[in-house]
2 protein chains.
Amino acid sequence: MLTIGKLGAAAGVKVPTIRYYEQIGLLPDAERSSGNQRLYARSTQDRLAFIRHARELGFPLEAIRDLLGLSDRPDQSCSEVDAIARTQLQAVEGRIARLQALKGELERMVDQCAGGRIGDCRVIEVLGDHTHCSADHSRDLHGVSE
Amino acid sequence: MLTIGKLGAAAGVKVPTIRYYEQIGLLPDAERSSGNQRLYARSTQDRLAFIRHARELGFPLEAIRDLLGLSDRPDQSCSEVDAIARTQLQAVEGRIARLQALKGELERMVDQCAGGRIGDCRVIEVLGDHTHCSADHSRDLHGVSE
DNA sequence: CTAATGTCTCTAGCAACTAGAGGTTCAAGG
DNA sequence: CCTTGAACCTCTAGTTGCTAGAGACATTAG
């Protein structure tokens, strides 16, 4: 049996995140020691690694919840699993396409900044002007900052 | 003078978002009509279009706040503006690179899903296994979902 | 035995909005 | 002039996926 800290270190997930996953029902309620501390079986490490990897791949927690539910019923068709993965793939492709349009626009901005005064700055000017927009980025308004 | 609805329509920003921007100080407090409704000058439309475009380009609101502050002092050097844009460009390039790694992994998953039962499903298997990871995606853990 | 570290619960905060309740004001049609 | 309905107001709370902190208890190394 592992304590939460060992589990987190083994799976590469921070301790509060594990408690959060338990809270939202993504992990089952952990067993407890006599002193009320969470104890985990090895299998939980696999489940947690699964979650982590899926998160890294950009799957939202709701999709991961579905995948975990599906993986608990190994005799059914995997078409649903496939659909979730395909949806995710499409989302990633869309993000890449839009980010590449943004990249082009940013490059133009930086190239045109001649190092003068702000009054002449192309960056400011381009940001105030939509006419060079090469795509509809409106669906990019969230989740892009870093 | 424009009402908030007209302004929003003209700049492509939703009404509650405009009020939110005012609340956090990104837009100055609007003038009010006798009946307490917000009224905007045309110049606000430009400022709002600037914000919208910068958001579409992925600039966080804090960076936009800085840019707006800089654009109000047009006689200074634009090196700061340039730096903000370059930072943003780097962030976008990093995101693209990581998303392309993720795309490859997702494609492998989908290709290998032979349409059988979940017990044999490669998607589930790959998600449980980190060994094929081609990069450290750990900085991708937020902001990727769509 | 004690000190340090780990764990517990709980609340609050982050970005950047979005949604809803419940009430007021405005513009147009009859 | 009056009414209707859209647009506006404020306020609170919710979203996603965590992260940070407070204050208290548990465990472990020396």
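In the text below, chain A, chain B and the rest are named by the order of the sequence lines, each starting its count at 1. As the structure is a prediction and not an experimental result, all values here were calculated from the model.
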Margin query: Give me the atom names and distance for the closest heavy-atom approach of Ala49(A) to Ala11(A).
Written below: N-CB, 4.4 Å

Next item on the list: Please report the closest heavy-atom contact between Ala63(B) and Ile84(B), naming both atoms and the distance.
Entry: CB-CG2, 4.1 Å

Margin query: Can you confirm whether Met1(B) sits close enough to Ser33(B) that some side-chain heavy atom of one is under 4.5 Å from a side-chain heavy atom of the other?
Written below: no

Note to self: Taking the side chain as everything from C-beta on, heavy atoms only, tell me whether Arg52(B) gets closer than 4.5 Å to Thr17(B).
What the structure shows: no

Show the distances under 3.5 angstrom between N or O atoms of the protein and N or O atoms of nucleotides 28-30 of chain D.
none

Notebook entry, point to check: Relative to the 5' end of DNA chain D, which residue comes earlier, Thr17(A) or Gln37(A), by the nucleotide with the nearest heavy atom?
Noted result: Thr17(A)

Notebook entry, point to check: Whole-Å distance between dT25(C) C1' and Lys6(B) NZ?
Noted result: 15 Å

Notebook entry, point to check: Pairs in or reaching into residues 20-31 of chain B: which pass side chain to side chain donor-acceptor pair (under 3.5 Å), with residues at least two apart or in two chains?
Noted result: Glu22(B)-Arg38(B)

Note to self: Restricting to non-hydrogen atoms, name the atom on Leu7(B) and the atom on Gln45(B) that form the minimum distance, rounded to 0.1 Å.
What the structure shows: CD1-CA, 3.6 Å

Notebook entry, point to check: To 10°, what angle do the rotation axes through the five end pairs on each side of the helix from dC1(C)-dG30(D) to dG30(C)-dC1(D) form?
Noted result: 10°

Next item on the list: Find the distance between CZ (Arg55(A)) and CG (Leu61(A)) and round it off to the nearest 0.5 Å.
Entry: 5.0 Å

Checklist line | Listed nucleotide nearest any side-chain atom of Tyr20(A), set dG17(D), dC8(C), dT10(D) | finding: dG17(D)

Item checked: Arg38(B) vs dA7(D): side-chain N/O to OP1/OP2 distance below 4.0 Å -> no

Check: Looking at side-chain heavy atoms only, is the closest gap between Leu67(A) and Phe50(A) below 4.5 Å?
Finding: yes

Notebook entry, point to check: Counting only side-chain N and O atoms of Lys14(B), is one of them less than 4.0 Å from OP1 or OP2 of dC17(C)?
Noted result: no

Checklist line | Short side-chain N/O contact from Tyr21(A) to OP1 or OP2 of dG17(D), under 4.0 Å | finding: no

Item checked: Non-hydrogen side-chain atoms of Leu89(B) and Glu107(A) separated by less than 4.5 Å -> yes

Note to self: On a heavy-atom basis, which atom in Leu39(B) and which in Ala30(B) lie closest, and how many Å separate them?
What the structure shows: O-CB, 4.0 Å

Checklist line | CG on Leu27(A) to CD1 on Ile51(A), rounded to 0.5 Å | finding: 4.5 Å

Check: Shortest non-hydrogen contact from Asn36(A) to Arg32(A)?
Finding: O-NH1, 2.9 Å

Check: DNA chain C: Leu61(B) or Val15(A), which has the more 5' nearest nucleotide?
Finding: Val15(A)

Kindly give the atom pairs (protein nitrogen or oxygen, nucleotide nitrogen or oxygen) under 3.5 Å for nucleotides 11-15 of chain D.
none

Note to self: Counting only heavy atoms and a strict 4.0 angstrom limit, can you tell me which residues of residues 24-35 of chain A come near DNA chain C?
What the structure shows: Arg32(A)

Notebook entry, point to check: What is the distance, rounded to the nearest whole Å, between atom CD1 of Ile18(A) and atom C1' of dT9(C)?
Noted result: 16 Å

Checklist line | Partner residues of Arg19(A) under the side-chain hydrogen bond (donor to acceptor under 3.5 Å, both in side chains) criterion, sequence neighbours left out | finding: none

